[in-house]
2 protein chains.
Amino acid sequence: MTDELLYANTKTNAGTTGKGERTRARILEAALDLCREHGYEKTTMRAVAKAAGVSLGNAYYYFRSKEHLIQAFYGQTHSDHLEACGPLLEGEQSFRQRLAIVLQTKIDTSMPYHRFAGVLFKTAADPASPLNPFSDASAPVRDESIALFARIIEGSDLRVGKALRPHLPKLLWTYQMGVILFWVHDRSPDCSRTRLLIDTTSKLVSQLVRVAGLPPLRPVLRSVIGLLDDLAPPDDKASGTRR
Amino acid sequence: MTDELLYANTKTNAGTTGKGERTRARILEAALDLCREHGYEKTTMRAVAKAAGVSLGNAYYYFRSKEHLIQAFYGQTHSDHLEACGPLLEGEQSFRQRLAIVLQTKIDTSMPYHRFAGVLFKTAADPASPLNPFSDASAPVRDESIALFARIIEGSDLRVGKALRPHLPKLLWTYQMGVILFWVHDRSPDCSRTRLLIDTTSKLVSQLVRVAGLPPLRPVLRSVIGLLDDLAPPDDKASGTRR
DNA sequence: GTCTATAACCGGATAGAC
DNA sequence: GTCTATCCGGTTATAGAC
């Protein structure tokens, strides 16, 4: 039940010389290698431990469960994503472009793990799992991710109405979750369908946000925002989900 | 790999006197009881077998895996849902009302299983699992479910444009999936948040469908439909997902 | 051929010694 | 921080009963 420090491994322990950190890294690397090669299910903890040159029990000393290894991967691709987005967003002003860049980059950086990304989503969908992206334990990464969407908006030419503004980053994050869900199930070559989905919907979303504040859509916007306010309670911390 | 007959157990074998059918029913009932009481994870196959008065191996004779027990439950609530919707839709003409009825009823009939519905979604989200609602194996139930949404439209006062019509049932089904995902994570008392979500969004969806064909939104509609056509290939059988 | 039971196997997870 | 030994439960193999 105490899952406070789940994301400690998200940090890149580059400079650290602690032996533990190096062992942990070895285990994680072995796990990712094996999963890429054989898939998640066929990668046993025993095999991971052996490949990393440690005992089974030792692997569990560093990672509470097999699924927690996945969360480490989650944090890993998240960092990669952030890093990759930086330069690409640099000169770009168009909201639509910025949005598309972030989403396409998300897919690009996750692509090597497509084969076993399903497992991530599998555990992600379970409300009881601390790995699920709505859980308290996932809050750090989730918040960083939502912050990225806030950055998309801020650095762009987009004008957002006052009522919508506080909700938009989280809405875009949810949209990204939907895209990822599609991607996980996408079997088209090079995930071209997901690319298409992103192209089309990012344009759509951008148009939608632009016209949302205009008179004809005012009442619709109002009811959407009303709903969001009701679902995400005063204390802004959590997403729509309670745990 | 051969998952042809997964849904055989969806039929209600009411009249059948076959001993096997009764044994199967006993196992399923025991499993659902135990899961309701202790949750999915803590319900062991050994306990299910014992409660049903059969041996462990025998339980596996009837259900290929623990997860397949869940799929039986899935088929069960699906039947319940269909049955419950019938009379409620009887006199109703309003599209908005019909939509809300179907969704609320879905929640009502699933409510007893809320505690362990997460597991359903967990396996459902895994693209590799035959239990996932997009898989070929799930096609029968999925198609029935989509057909229900077609019925909502047909029996209503709604006028749908020619371009949108063939896509609408599946779109509404996808919308329902989203609602269910929310519900799975909903911890509010009596899932009042999910109720609220349904109230608000069903109204919204209904408005949206109504105005979708109007001139100002014509280009938007066109691009959405273009996307859907691209994503759901000519052979209409499957959803957007390939397996 | 339909059904049932027993005895393994395998891999995730834990306990406790060093 | 690392190991070995062990548990536990999903799953499978297999043999026999109706």
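To find a chain, count down the sequence lines: A is the first, B the second, and so on, and within it residues start at 1. Because the structure is predicted, anything quoted here is derived from the model rather than measured.
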Contacts of type side-chain hydrogen bond (donor to acceptor under 3.5 Å, both in side chains), residue A:Thr201, not counting sequence neighbours: A:Tyr175
Would you kindly give the NZ-to-C1' distance between A:Lys50 and D:dT2, to the nearest whole Å? 18 Å
Think A:Thr23 has a side-chain N or O under 4.0 angstrom from the OP1 or OP2 of D:dG1? no
What residue pairs, at least two apart or across chains, pass salt bridge (Lys or Arg N to Asp or Glu O under 4.0 Å) with a residue in residues 67-85 of chain A? A:Glu67-B:Lys122
The salt bridge (charged side-chain N to carboxylate O under 4.0 Å, His left out) partners of A:Lys106 (sequence neighbours excluded) come to none
Hey, could you give me each pair passing salt bridge (Lys or Arg N to Asp or Glu O under 4.0 Å) that has a residue in residues 34-50 of chain B? Not counting sequence neighbours. B:Asp33-B:Arg36
With respect to the side chain of A:Lys19, which nucleotide from D:dT2, D:dC3, C:dA5 is positioned closest? D:dT2
A:Tyr61 vs D:dC3: side-chain N/O to OP1/OP2 distance below 4.0 Å: no
For each nucleotide in nucleotides 11-18 of chain C, reading 5' to 3', give B when a protein heavy atom comes within less than 4.0 Å of its base, S when such contact involves only the sugar-phosphate, and - otherwise. BBBB----
Are any of A:Asn58's side-chain N or O atoms less than 4.0 Å away from OP1 or OP2 of D:dG1? no
Which one, D:dC3, C:dC3, C:dA5, comes nearest to the side chain of A:Val54? D:dC3
In whole angstrom, give the distance that lies between atom CZ of B:Arg26 and atom P of C:dC3. 13 Å
Both conditions, 6.0 Å and 45 degrees, for the charged tip of A:Arg24 above the ring of A:Phe63: are they met here? yes
Could you work out, with side chain to side chain contact (heavy atoms under 4.5 Å, CB included) as the rule, every residue matching B:Ala100, not counting sequence neighbours? B:Ser202
